[in-house]
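Note on naming: letters A, B, ... go to the chains in the order of the sequence lines (proteins, then strands), and numbering restarts at 1 for each one.
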Number of protein chains: 4
Amino acid sequence: MARLRSDDKREAILTAAAGVFAERGLAAPTSAISKAAGVAEGSLFTYFPTKDDLINALYREIKLGLAGAMMSGFSRQADVRGKLRHIWDSYVNWGIAHPAQRKVLAQLQVSDKLTRETRAVGSAPFAEVQVMARQAVEQGVVRDMPIEVFTSTIDAMATATMELIASNPSQADKYRSLGFEVVWSGIRNG
Amino acid sequence: MARLRSDDKREAILTAAAGVFAERGLAAPTSAISKAAGVAEGSLFTYFPTKDDLINALYREIKLGLAGAMMSGFSRQADVRGKLRHIWDSYVNWGIAHPAQRKVLAQLQVSDKLTRETRAVGSAPFAEVQVMARQAVEQGVVRDMPIEVFTSTIDAMATATMELIASNPSQADKYRSLGFEVVWSGIRNG
Amino acid sequence: MARLRSDDKREAILTAAAGVFAERGLAAPTSAISKAAGVAEGSLFTYFPTKDDLINALYREIKLGLAGAMMSGFSRQADVRGKLRHIWDSYVNWGIAHPAQRKVLAQLQVSDKLTRETRAVGSAPFAEVQVMARQAVEQGVVRDMPIEVFTSTIDAMATATMELIASNPSQADKYRSLGFEVVWSGIRNG
Amino acid sequence: MARLRSDDKREAILTAAAGVFAERGLAAPTSAISKAAGVAEGSLFTYFPTKDDLINALYREIKLGLAGAMMSGFSRQADVRGKLRHIWDSYVNWGIAHPAQRKVLAQLQVSDKLTRETRAVGSAPFAEVQVMARQAVEQGVVRDMPIEVFTSTIDAMATATMELIASNPSQADKYRSLGFEVVWSGIRNG
DNA sequence: GATGAATGAGTCTTCATTCAT
DNA sequence: AATGAATGAAGACTCATTCAT
């Protein structure tokens, strides 16, 4: 039997891609990625047929990891503020812990490389957040607003918070809690 | 004074660049830009020695236009909420009116092409916003927070609002005023 | 004696190669051939050390098969015209029956992949045709001409006939007999 | 004004392509061609957008040159044999004078790179030969045969003759006239 | 032997930039 | 200054061949 395609190698390439793309942008050559991953230039293409496929896979990988980080410990018992706080903290902490992925994600969002399907797959794991948002509005705990406003608000504010922390890490705790207070005051009802 | 012919050409190139970059990303070839601008491929380089210079110039141009739109009609007499509302509306309206520039700006922000100087120059015209922010905090009208949090909040929320409007233009008025309410409630004191 | 399993595999590869080369040209990747043959990519190289070796082996195989088809039923008793008719018909019929091999052969002839030895080996089984040609000339049955003219004439005309039949199969019988008349009238003496 | 695209350069590339393809096959790298033509690798692509375009252009060029050689001096007054002799001689002589083009043509004929349109364009200039063939048949000067048989016969025999001459140039005159005798005897009526 | 992942040289093509006109 | 052909350094991707399993 021949060497089997290894998940380790696939993972190494994706990790290398995140690092390289974060530093040099999505235009970085695939050769830089394969080099960083410690594989031959051609090997990258046994795992990802094209650079665009790699980019899409990376997006999914990042979103999945993010979803894992955000959803673990998500309590259905907590009240809306508690749920939101959990999401907020885990999202921001993920960004702190994975700076390369955070940067890449920002570039991927505005790139034209993602397929419609990839975007859909990337959003799926966050369905529960949507549900929470809807319920919060219905229960009157937060303002009467379309859910897309709700989720955009959290996303935008969390992203901004991560960037502030990235440029001034010593203030992480302050930025994170302050950010949450702003968000919560902004959306809560009354 | 009448504009020189070459100023027109420079302008045409910048406008074309905004359109092409918005559609095809910053990796779009300079030849596509010169073509869209109606000038020869080589002519682009008499106005911008390198592609990166063009990109930096475009950033400045966009930021300057944005500053113009935001600052015109800015009243020093108005109260903090009034000033903020003006800034908010003019920022969001600018985004609606200049979709290509808005998209390009989003890409430029996360790119690694901008020089430190360019970023500084781009921020300068918004100094007055900073002043207002500082005063608002000092007067206790808004929460006690570092100004970078203040400005990041507005920027992030306005950007998110523009994107919502872009994907659902019929709800522009609703999104804009709702967004402002969220922001204001989020940052005001008490 | 039963064929060894590996002989089957070798045969499968050669057959697959004929089909793939006929469709996609000699530049077709070896991976396409191994796939068509139902063997692993690497296995091809246990039977043929290099792609060129495979190509040369395929040429020999095709020529050998062709020789078998042409020489079976070849009568030493028949007169020159009869012998020639037999060769002609069996050659043309082989082309009709083996379209892929015919196409590949045409490509191989003009390629630079065949070794001198391969070409020699490929010609050998047709020695008897050469003998017949020589005798025919000596006996004065056909024109006084160098044998290479004799064989080239038959080869060229038969090939042309096969191509006509390939592009218009319903006229096969007509093309074949007409072609023979042209050839025979062309070379016979007086 | 910039340097204008020069026909000379285009011609140089086509000539180089003929030489390189003749020696190394159609799989020869474009870099070898640009080098042989004395231009930069990229320049080839300002004249021919893709390698396939170059190949198709080369085919047309060769066929056009061949048509020019064959049709010049073609007399409508001559009898059928005379016309045919002219075509035969000029065709064979062209092959002798342009060995690289002859070899390339042989490879192009069996390649899958030529578009339907290219093949059509390549055949067009030989319409007059078709006309002659048809008339010859109608007048009963040659056998009753479909024209495609007529033209295929001439083409196949002339090609074979050129190859014989190529491998034994000293016998050129003999091969050429002998070939013609074979063809004429083969197709004439009675 | 069989397998197919791994390799990396080689290929076509793009494109920022230069420069002859 | 304007033009656009010329340049050649990259870059994405292919594929014959090797080799670990």
Report task. Pull out every residue in residues 15-30 of chain C that has a heavy atom closer than 4.0 Å to any atom of DNA chain F, ordered by number, or say none. Result -> C:A28, C:P29, C:T30
Report task. Would you kindly say whether D:T46 and D:S43 are connected by a side-chain donor-acceptor distance under 3.5 Å? Result -> no
Query raised in the report: Roughly how many Å is it from NZ in A:K35 to C1' in E:dG8, rounded to a whole number?
Result: 14 Å
Report task. Taking the side chain as every heavy atom from C-beta outward, state whether A:L66 and A:L105 have any pair of such atoms under 4.5 Å apart. Result -> yes
Query - Pair C:T115-C:T118, side-chain donor/acceptor within less than 3.5 Å - result: yes
Report task. Starting from the 5' end of DNA chain F, give me the residue, B:T46 or A:D52, whose nearest nucleotide shows up first. Result -> B:T46
Query - Upstream residue (5' side of DNA chain E) when B:T50 and A:V39 are each assigned their closest nucleotide - result: A:V39
Report task. Give a yes or no on whether D:E23 atom CD has more than 12 heavy-atom contacts from other residues, nucleotides or ligands under 6.0 Å away. Result -> no
Query raised in the report: Reckon B:S43 touches a base, only the sugar-phosphate, or nothing at all at heavy-atom distances under 4.0 Å?
Result: base
Query raised in the report: Heavy-atom count around B:K63 NZ within 6.0 Å, excluding the residue itself: above 12?
Result: yes
Requested in this report: Would you indicate, yes or no, if F:dA12 has its OP1 or OP2 atom less than 4.0 angstrom from a side-chain nitrogen or oxygen of A:S31?
Outcome: no
Report task. Return the nearest nucleotide to the side chain of D:A40; candidates are F:dT7, F:dA16, F:dT14. Result -> F:dT7
**Report entry** Main-chain N/O of D:L26 paired to D:K51 side chain as donor or acceptor, under 3.5 Å
**Finding:** yes
Query - Atom of B:N56, atom of B:L114 and distance for their closest heavy-atom approach - result: OD1-CA, 3.4 Å
Query - Separation of F:dT17 P from C:K51 NZ (nearest whole Å) - result: 9 Å
Query - Presence of D:Y47 side-chain N/O under 4.0 Å of F:dA5 phosphate oxygens OP1/OP2 - result: no
Query raised in the report: How does DNA chain F read in dot-bracket, base by base from 5' to 3', with Watson-Crick or G-U pairs under 3.5 Å and | used when the partner is on another strand?
Result: .||||||||||||||||||||
Report task. Write down the distance between CD1 (B:I33) and C1' (E:dT14), rounded to a whole number of angstrom. Result -> 15 Å
Requested in this report: Search all heavy atoms of C:R24 against all heavy atoms of C:A32 and return the closest pair with its distance.
Outcome: NH1-CB, 3.5 Å
Query raised in the report: E:dA6 C1' sits how many Å from A:I13 CD1, rounded?
Result: 11 Å
Report summary line: Rounded to whole Å, CZ of C:F45 lies from C1' of E:dG4 at a distance of 12 Å
Query raised in the report: So, for D:I13 and D:L44, which heavy atoms are closest and what is the spacing to 0.1 Å?
Result: CD1-CA, 4.0 Å
**Report entry** Nearest-nucleotide pick for A:E41, side chain only, options being E:dT7, F:dC13, F:dA16
**Finding:** F:dC13
Report summary line: In whole angstroms, the gap separating C1' of F:dA1 from CG of B:L44 amounts to 14 Å
Report task. Calculate the interatomic distance between D:F48 atom CZ and E:dT14 atom P; express it in whole Å. Result -> 16 Å
Query raised in the report: Can you tell me how far C1' of E:dA2 sits from CZ of C:R10, to the nearest Å?
Result: 18 Å
Query raised in the report: Hey, is the side chain of C:K9 poking within less than 4.0 Å of OP1 or OP2 on E:dA2, counting only N and O atoms?
Result: yes
Report task. Using the test salt bridge (Lys or Arg N to Asp or Glu O under 4.0 Å), find all partners of D:R60 that sit at least two apart in sequence or belong to another chain. Result -> D:E117
